[in-house]
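First up is the structure itself, then whatever we jot down about it.
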Amino acid sequence: MLIVMKFGGTSVGSAERIAQAADLAIASAKKGHQVVTVTSAMSGVTNLLIEAATNAARGQWTTDVRQQLFGRHEKVADALIPDPARRTAALEEIDRRLDRFEKLCYGLSMVHELTPRLLDAISGTGEMLAAPLVSAAIGARGTASSAVDATELIVTTEQFGGAEPLMDATREKTAARLRPMLTAGAIPVVTGFIGATADGVLTTLGRGGSDYSASIVGAALDADEIWIWTDVDGVMTANPGDVPEARTLAEISYSEASELAYYGAKVLHYKTIIPAFRQRIPVRILNSFNPSHTGTRVSVEGDPSAPGVKAVTAIRGVSLITISGTGMQGIPGIVARAFDVVADEGANVLMISQASSENNICFVISTNEAPRVVKALRAALEIDLSRGHIEEITGQPVAVVAAVGDRMRGTPGIAATVFGALGAAGINVTAISQGSSERNISMVVAEGDAAPAVRALHQAFRLHLAPAAAVS
Ligand code: ASP
Ligand code: MG
């Protein structure tokens, strides 16, 4: 089999963790598989880089960050690369990359302007520091390995901060660069999170994007499986912080995985499933801290024997934007204009609901974007506001709770159980939405009601029990 395996930040967070990651990659190679690894930055490094860039843009640049980053990676090199020549080579590579980082920050501290393009160049450095170490650790354990910058593999659009892969070009480059290594029995270590435009300018795929990188590389190589090594046992029926008795799901479908990732389950970056799904490549989510656990397998079928609701999630840090007014009835175009504004502001809409009385349209976006969007809506709909077609446009912090499962589709009674459980728990629901895929019912509740709502639904669908015992 050809397996693309990704190690997340905590899975490469220290010398010990990198040693473990190297062992896991080598163990699969020893079983006769071809293995490509994709690595995140060491945990916390991306945040540190972004903070340094932001400070530099305010004119505050000190060399401590470089020293701190060098020190952290040097410690790993000292622990994992016994051969002095190889250790020096890895550290020189890291130093060169930090040099570039420092120059960029220094420049920023002079010009005081942090563009998305510059931010990508800086925030993508963490993966470029980690990959040479992971590769050297594999090499030091006796298996051939090379570090490869994904800028040489993944060709992307120019959307800095959230670039999308151009798959034809990516496929060609990835195959040309990685196939010969795999044929020679080596394990390439690819930097997650980054890519480059056709002109070679570094881009990032968005925060948490290394999962997406693994899926892109997997699709480009027609891999047999994509493994995401993280720090939990897999996708769970709920966040254990909300529901202590939450369970790991052994099998879920691509659509369930993407609904769950989109609706706040933090295990997978929400775009990860897209490239894998297109080619029907199974994705496994595994725990590098508990590698004997079988984790969660994501495939086309999922678990057909499982009942309606499979998992319950909550998204926090979101706001409900409401446009209301009795004069909106029958006035065409208000909805279209409103969503044009939202799109112009680049805000991502998580759910939408409009009652058929047309007195009220509401939708949910990230709270960070809410003040900007409300202001832009008030400006764009000024005439309707002054004429009284619209009475007010408000933004209010809320939480969205979602019940997700493929077999909710066509199973009657699910909505009754959902609202019965919330009613019994005394939780008020402000807005509701069910996509016509019927794989998801989402509800807007007060911020403080998120955890009790998740617990009430988890209990009502008996998700703490193994599937055969749960109710549909
Ligand atoms: N290092 C990047 C981040 O922290 C990408 C990732 O970890 O997936 O967002
Ligand atoms: Mg990460």
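For clarity, every value in this text was computed on a predicted model and none was experimentally measured. First listed ligand is number 1; within each ligand, the first listed atom is number 1.
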- Message: With the threshold set at under 4.0 angstrom, would you say G192 reaches ligand 1 through any of its heavy atoms?
- Response: no
- Non-hydrogen atoms of H269 versus ligand 1: any pair closer than 4.0 Å? no
Numbered atoms of ligand 1 (with element) below 4.0 Å of [X], judged on heavy atoms:
X	result
E127	1 (N), 2 (C), 5 (C)
T46	1 (N), 2 (C), 3 (C), 4 (O)
S40	6 (C), 7 (O), 8 (O)

- Message: If the threshold is 4.0 Å, N to carboxylate O, is there a salt bridge linking R141 and D23?
- Response: yes
- Item | Sidechain N-carboxylate O distance under 4.0 Å for R171, D222 | yes
Can you confirm, on distance only, whether ligand 1 has an N/O atom lying under 3.5 Å from any N/O atom belonging to [X]?
X	value
G208	yes
D211	no
R207	yes

- Task: With rounding to the nearest 0.5 Å, note down the distance linking CE in M110 to CH2 in W61.
- Result: 13.5 Å
- Between D233 and T248, does any side-chain donor sit less than 3.5 Å from a side-chain acceptor? no
- Query: Are there more than 12 heavy atoms of other residues, nucleotides or ligands under 6.0 Å from atom CZ of R316?
  - Reply: yes
- Message: Taking atom CD as the centre, does E172 end up with more than 12 heavy-atom neighbours from other residues, nucleotides or ligands that are less than 6.0 angstrom away?
- Response: no
